Amino acid sequence: MSHPPRIPRLAALALLLLALPLSAQIALELQASQQRYLRYEPIRLTLIVHNLSGNTLEFDTNKPGSGGRIAFKVDTASGRTSRLLNSLGNPAQGLLLAPSESRKVEVLLNQYYDMQREDGYTVQALLDHDRLPRRHISGPVRVEVQDGLPILQKSVGLPTERATGLIKTIQLSLLRFADVDEDIYALRAEDDENVYAVHRLGSFIDGEAPQLELDGDSLVHVLLQIRPRLYVYYIFGFEGRNLILRQKRFYVSADGMAPSLNRETGYLRVVHGQIAREGIDYYEPKEK
């Protein structure tokens, strides 16, 4: 299958500028880190603001003539506008743009807008400023939100410093999620009121059954087969109600048997496995 040619960033920006109306004084480029998101996964968007006005623009609502703000419009596939859950504030507050300067503004969109339903969403950024004669609107970004298929579930009580009182229970779900190019594993921590964490874990394959275990310190252990000969082992821990990654290691078989989690010694450990060699047994792209 043929793929459209890739356009270098500078060339893409030049094309964007050429496509703008002659009266445009701000170029807005909205980007999404993913095309498809697991339900409740953070939807992080980046807005690149390029100043074409020939003047320095300051975004400070406390100064006369410097009032400027950024807002967003979120529509579902049916054309319904998503409601605002929490005040977005003003992502542009404190922004200072010299002539021809570009700045990035990042927003965790579903923290503010209702994007919890399985649906397709179209997002546009809106920018206004006291010194600009009209509103500037970005091109649309389209993202999908889908839920995952539960594979394993566990309940864990969160540690508390008080000897009395209600113990908070969190449900952990290991999910199979259909991403754009492949199915993947994901881990979600939630209760009846809130979702506390969503973590993508690795590629789903039809191999050894995944393992999700808890130890006496409420640490969450996950062992997954993600390639025919490769396994990944995660340890997560709670900080308050946030589920934080503590450890990630790759394993291969040490004796011809599939690596697995075992607690015969009184604590959880990986048996039948040895640490995989990066660059030989696996390759993991470095995070940007």
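Just so it is clear, the values below take in all heavy atoms, side chains as well, and ignore hydrogens, waters and symmetry mates. All of these numbers come straight from a predicted model, not from anything done at the bench.
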Around atom CZ of Arg246, are there more than 12 heavy atoms from other residues, nucleotides or ligands closer than 6.0 Å? yes

Does a donor on one side chain sit under 3.5 Å from an acceptor on the other, for Gln124 and Ser138? no

For residues 77-129, which residue pairs qualify under ring pair (Phe, Tyr, Trp, His ring centres under 6.0 Å), counting only residues two or more places apart or in two chains? Phe59-His129

Between Val74 and Val141, is there shared hydrophobic-cluster membership here, with clusters defined by ILVMFWY side-chain heavy atoms closer than 4.5 Å? yes

Can you tell me if Glu118 has over 12 outside heavy atoms packed within less than 6.0 Å of its CD? yes

Under 4.0 Å between a side-chain nitrogen and a carboxylate oxygen: does that hold for Glu41 and Arg188? no

Taking C-beta and beyond as the side chain, do Leu127 and Leu132 meet within less than 4.5 Å on heavy atoms? yes

Taking everything shown except Gln153 itself, do over 12 heavy atoms lie less than 6.0 Å from its CD? yes

Taking everything shown except Arg117 itself, do over 12 heavy atoms lie less than 6.0 Å from its CZ? no

Regarding Gln171 and Ser155, do their side chains bring together a donor and an acceptor under 3.5 Å, going by distance alone? no

Between Tyr233 and Tyr251, how do the two ring planes meet: parallel, tilted or perpendicular, split at 30° and 60°? perpendicular

Are a donor atom and an acceptor atom from the side chains of Thr61 and Gln93 found within less than 3.5 Å of each other? yes

Can you give me the closest heavy-atom contact between Gln146 and Ala178, atom names plus distance? OE1-O, 4.0 Å

Show, in sequence, the C-alpha distance, side-chain angles and deciding distance for Thr122 and Asp75, and conclude whether the side chain to side chain donor-acceptor pair (under 3.5 Å) test is met. CA-CA 5 Å; Thr122 299; Asp75 293 326; over 6 Å; no

CZ/Arg200: more than 12 non-hydrogen atoms of other groups inside 6.0 Å: yes

Pair Ile226, Ile184 - check side-chain contact (heavy atoms from CB on, under 4.5 Å), show working. CA-CA 9 Å; Ile226 57 172; Ile184 65 171; over 6 Å; no

Quick one: do Phe250 and Leu187 end up in the same hydrophobic cluster if we chain Ile, Leu, Val, Met, Phe, Trp and Tyr together by side-chain heavy atoms under 4.5 Å apart? yes

Verdict with supporting geometry, Thr46 and Val105, side-chain contact (heavy atoms from CB on, under 4.5 Å): CA-CA 6 Å; Thr46 299; Val105 178; over 6 Å; no

Test side-chain contact (heavy atoms from CB on, under 4.5 Å) on Leu243 and Leu172; report intermediate values, then the result. CA-CA 10 Å; Leu243 188 64; Leu172 300 168; 4.1 Å; yes

Are a donor atom and an acceptor atom from the side chains of Asp191 and Tyr196 found within less than 3.5 Å of each other? yes

With no hydrogens and no angle check, do the side chains of Asp114 and Ser82 hold a donor and an acceptor under 3.5 Å apart? no

Tightest non-hydrogen contact, residues Leu28 and His136, listed as CD1-O, 3.5 Å

Could you tell me whether the side chain of Ser173 and the main chain of Leu175 form a donor-acceptor pair under 3.5 Å? no

Worked verdict on Arg263 versus Glu213 for salt bridge (Lys or Arg N to Asp or Glu O under 4.0 Å): CA-CA 10 Å; Arg263 64 168 81 235; Glu213 301 290 346; 3.7 Å; yes

Within 6.0 angstrom of Asp255 CG, more than 12 heavy atoms from elsewhere: yes

Ion pair check, Arg131 and Glu58, cut-off under 4.0 Å: no

Ring center gap for Tyr234 and Phe236 short of 6.0 angstrom: yes

Heavy atoms, side chains only, cut-off 4.5 Å: are Leu268 and Asn262 in contact? no

Under the side chain to side chain donor-acceptor pair (under 3.5 Å) test, residues paired with Arg176 that sit two or more places apart: Asp183

In terms of heavy-atom contacts, Leu174 and Pro210 come closest through CD2-CB, 3.6 Å

Is there a side-chain contact (heavy atoms from CB on, under 4.5 Å) between Arg103 and Leu97? Walk through the geometry before answering. CA-CA 7 Å; Arg103 288 290 185 88; Leu97 286 171; 3.4 Å; yes

